[in-house]
Amino acid sequence: MNIPGLVTTEEAAEILGVKKESVYIYVRRLDGFPQPTKLGRTLLFDEAALRLWRQEHPARPRTDRGD
């Protein structure tokens with residue numbers, strides 16, 4: 001699906017640097033996280049809003065537990 005300015009959940013995950021499952025969790029649990037628009041069964045996110053959210057909420061560095 002290609003609608004200018006909107007991205008799928010998979011693309012949103014790539015933009016944010018997280019797993020697709022994390023995007024679903026963010027939608028449900030994080031206040032202020034950009035909410036998707038539904039087109040049929042597909043969730044579409046505003047790409048600019050996602051990039052702005054990521055800029056305001058930088059990813060935490062991953063730690064290697066060495067387990």
Side-chain angles (χ1 to χ4, degrees):
M1 186 168 303
N2 191 8
I3 300 174
L6 298 178
V7 296
T8 64
T9 304
E10 291 82 4
E11 293 167 324
E14 188 174 316
I15 288 167
L16 297 173
V18 299
K19 294 179 182 178
K20 184 171 82 170
E21 293 77 11
S22 296
V23 175
Y24 295 127
I25 292 169
Y26 293 176
V27 167
R28 289 193 312 270
R29 297 185 184 172
L30 295 182
D31 290 333
F33 187 78
Q35 294 299 297
T37 300
K38 265 188 137 177
L39 184 61
R41 294 176 58 184
T42 303
L43 297 181
L44 296 173
F45 293 85
D46 181 298
E47 181 177 1
L50 287 174
R51 292 187 185 280
L52 179 61
W53 185 88
R54 175 47 81 204
Q55 183 179 353
E56 293 172 353
H57 303 86
R60 290 183 287 190
R62 293 184 180 199
T63 58
D64 183 16
R65 294 182 178 191
D67 294 350

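- Here the CD1-CG distance, from Ile3 to Leu39, works out to 5.0 Å after rounding to the nearest 0.5 Å.
- Asn2 CG to Thr8 OG1: the interatomic distance, rounded to the nearest 0.5 Å, is 10.5 Å.
- Looking at residues two or more places apart in sequence or on another chain, you find a salt bridge (Lys or Arg N to Asp or Glu O under 4.0 Å) between Glu47 and Arg51.
- Other residues, nucleotides and ligands place no more than 12 heavy atoms under 6.0 Å from the CD atom of Gln55.
- In this structure, CG on Leu44 lies 9.0 Å from CD on Glu11, to the nearest 0.5 angstrom.
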Check step by step if side chain to side chain contact (heavy atoms under 4.5 Å, CB included) holds for Val7 and Ile15. CA-CA 9 Å; Val7 296; Ile15 288 167; 4.2 Å; yes
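- By the salt bridge (Lys or Arg N to Asp or Glu O under 4.0 Å) test, Glu56 pairs with no residue at all, sequence neighbours left out.
- Counted within 6.0 Å of CD on Glu14, heavy atoms from surrounding residues, nucleotides or ligands total 12 or fewer; the atom is thus considered open.
- Residue pairs that meet the ring-ring contact (aromatic ring centres under 6.0 Å, His included) test with at least one member in residues 34-55, sequence neighbours left out, are Tyr26-Trp53, Phe33-Trp53, Trp53-His57.
- Counting heavy atoms from C-beta on, the side chains of Val18 and Arg54 come closer than 4.5 Å.
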Please determine whether side chain to side chain contact (heavy atoms under 4.5 Å, CB included) holds for the pair Thr9 and Val27, giving the CA-CA distance in whole Å, both sets of side-chain angles, and the decisive distance to 0.1 Å. CA-CA 11 Å; Thr9 304; Val27 167; over 6 Å; no
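- Annotation for Ala49 and Pro34: closest pair O-CG, 3.6 Å, computed over non-hydrogen atoms.
- Counting all heavy atoms, side chain and backbone alike, Leu50 lies closest to Ala12 at CD1-CB, 3.5 Å.
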